[in-house]
Number of protein chains: 2
Amino acid sequence: MAIWQHGGMPSSKNTQFAVAVHVLTYLAGQVERGPVSSDELSASTNVNPVHVRRVLGPLREAGLVCSRPGVHGGWELATPAEEITLARVWRLLQGADPVLGLHGPNPDCPVGRGVQRSLAAIDGAVAEAVAAELERSTVQDILAREVQGACSVPGQA
Amino acid sequence: MAIWQHGGMPSSKNTQFAVAVHVLTYLAGQVERGPVSSDELSASTNVNPVHVRRVLGPLREAGLVCSRPGVHGGWELATPAEEITLARVWRLLQGADPVLGLHGPNPDCPVGRGVQRSLAAIDGAVAEAVAAELERSTVQDILAREVQGACSVPGQA
DNA sequence: CCTAACTGTAGCTGTTGTGATTACGAATCA
DNA sequence: TGATTCGTAATCACAACAGCTACAGTTAGG
């Protein structure tokens, strides 16, 4: 028994963060070349071009990248790679979604409410811890780990 | 490791952690009463009894709780509440699942491989940071925040 | 025994989130 | 004008989570 509608709580399987980091690193390595099309980024990340643009949307609004339509359009880094921390990217894409999963408690149960409140507070602390850890890496750091040259997708250079 | 076909990588969709913490706290408050049925736990957590048992499975294997079938069966805490850190619970339920989402990169792209490796390392560090944060709270701590008495589901006490 | 009350698990279903795909409009440059 | 590329909406397929039912295995009590 217990047919209460169960609390739908978001927090999901974001591949978006990984895709974003990948794209930013790619762009950081192609700064000299000018705009890069989402088609090329799509080939590098192995995801759909539309998905690339969707992921890059929030990053553009935050000023990390910029895009231009048209014949020689595409995407460019709008912030130096060494100033883009992974924490910033993560916060942009994760939003306010809980890191740990919370669940809709039974309003009739005092334990439910108490646990819920405690858990929400702890989730916040965890989110801060994650951000703090991600603050330690920048896109530049990741790019620096990449090998030297030959960083293009075959058939696009 | 790392099946590159397309993203099937887990992240945090688990309500299980929250349910587990809830149940453990409930059990910690009912230690004197003897075994608690998963039906009662189900009413408190507002999830299905079967789901409760599924979540509690790993915790029992780890020795945190124990269960007995039969007429007066149910679940009991098998470890003092002050020794159960949330980190332990989290690690049991999270397993080796990545905290941030990784994605299947393009094997033909050197950037892909590099980013992938970096991201995996960072994910490990983040997981440690999360665990460290969760190490600071125990089930006893959460129970202590609960109010005094009247911690049963109406109709069950 | 036999029944009732539990756990333990398998199987199916409904819902939801994610990403692929297509399509179309807007902007830019030759 | 026409080709290229972004921006976005709409739709589809797939997988994960959880709800639910059903049934087998255990235990207590008559």
Side-chain angles (χ1 to χ4, degrees), chain A residues 1-20 22-23 34-43 45-61 65-76 93-95 97-98 100-104 156, chain B residues 3 5-20 22-23 34-43 45-61 65-76 93-95 97-98 101-104 156:
Chain A
M1 332 304 178
I3 322 187
W4 307 288
Q5 77 287 4
H6 82 289
M9 61 102 211
S11 100
S12 343
K13 296 183 180 306
N14 277 347
T15 321
Q16 301 185 8
F17 176 72
V19 171
H22 187 133
V23 166
V36 179
S37 76
S38 53
D39 217 42
E40 182 175 341
L41 295 173
S42 151
T45 52
N46 200 22
V47 298
N48 203 284
V50 178
H51 188 50
V52 170
R53 284 182 289 228
R54 270 199 282 244
V55 170
L56 258 43
L59 303 186
R60 180 189 48 208
E61 288 171 17
V65 296
C66 59
S67 64
R68 266 190 4 232
V71 173
H72 290 125
W75 299 84
E76 270 177 316
L93 295 176
Q94 181 75 7
D97 290 355
L100 319 165
L102 298 101
H103 75 104
Q156 298 268 10
Chain B
I3 24 181
Q5 353 190 2
H6 94 34
M9 45 70 163
S11 186
S12 59
K13 179 73 167 186
N14 278 350
T15 321
Q16 301 187 7
F17 176 72
V19 172
H22 188 134
V23 165
V36 178
S37 76
S38 54
D39 216 41
E40 183 175 340
L41 296 173
S42 150
T45 51
N46 198 20
V47 298
N48 204 285
V50 177
H51 188 49
V52 169
R53 285 184 290 234
R54 270 199 280 244
V55 169
L56 257 43
L59 303 187
R60 180 189 47 209
E61 288 172 16
V65 296
C66 59
S67 64
R68 266 190 4 233
V71 172
H72 290 125
W75 298 83
E76 271 177 315
L93 295 176
Q94 180 76 8
D97 291 354
L102 298 102
H103 76 107
Q156 299 266 10

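Order of the sequence lines fixes the chain letters, A, B, ..., with proteins taken first and strands second; residue numbering starts at 1 for each chain. Computed from a prediction, not measured in an experiment: that's the story for all the values here. No hydrogens, no waters, no symmetry mates; every other heavy atom, side chains included, goes into these values.
Between B:Arg68 atom CZ and D:dG25 atom C1' there is a gap of 16 Å when expressed in whole angstrom units. The CD-P distance, from A:Glu40 to D:dT5, rounds to 10 Å in whole Å. Whole-Å rounding puts the A:Phe17 CZ to C:dG19 P distance at 14 Å. When the P atom of C:dT28 is taken as reference, atom CH2 of A:Trp75 falls 14 Å away, rounded to whole Å. Protein atom CG of B:Leu41 is 12 Å distant from nucleotide atom C1' of C:dC6, rounded to whole Å. Following rounding to the nearest Å, A:His103 (NE2) and D:dA18 (C1') show an atom-to-atom distance of 13 Å. Atom C1' of nucleotide D:dA16 and atom CD of B:Gln16 are separated by 11 Å, given to the nearest angstrom. Between B:His51 atom NE2 and C:dT13 atom C1' the separation is 16 Å, expressed in whole Å.
A 4.5 Å side-chain heavy-atom check between B:Pro58 and B:Leu93 finds at least one atom pair inside the cut-off.
At the heavy-atom level, A:Arg54 lies under 4.0 Å from base atoms of the strands shown. Contact annotation for A:Gly74: backbone-only contact, meaning every heavy-atom pair under 4.0 Å involves sugar-phosphate atoms and none involves a base.
Of the two residues contacting DNA chain C, namely A:His72 and B:Val50, the nearest-nucleotide position lying further toward the 5' end is that of B:Val50.
For A:Val71, counting side-chain heavy atoms from C-beta on, the closest listed nucleotide (D:dG19, D:dA28, C:dT28) is C:dT28. In this structure, the nucleotide among D:dT5, C:dT7, C:dT18 sitting nearest to the side chain of A:Asn14 is C:dT18.
Side-chain atoms of B:Asn14 never come within 3.5 Å of backbone atoms of B:Gln16 as a donor-acceptor pair (strictly under, hydrogens ignored). Of the possible polar contacts, one joining the B:Ser37 side chain to the B:Glu40 backbone as a donor-acceptor pair under 3.5 Å is found.
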side-chain contact (heavy atoms from CB on, under 4.5 Å) for B:Val52 and B:Thr45? Distances and angles first, verdict last. CA-CA 8 Å; B:Val52 169; B:Thr45 51; 3.9 Å; yes
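Here B:Thr15 does not reach the OP1 or OP2 of D:dC17: none of its side-chain N or O atoms lies under 4.0 Å away. Contact check, B:Asn48 against D:dC20: a side-chain N or O comes under 4.0 Å of OP1 or OP2. Taking side-chain N and O atoms only, A:Arg53 has a distance below 4.0 Å to OP1 or OP2 of D:dC6. Between B:Ser67 and C:dT7 there is no side-chain N or O to OP1 or OP2 distance below 4.0 Å.
Note that the CG atom of A:Leu100 and the CD atom of B:Gln94 stand 8.5 Å from one another [nearest 0.5 Å].
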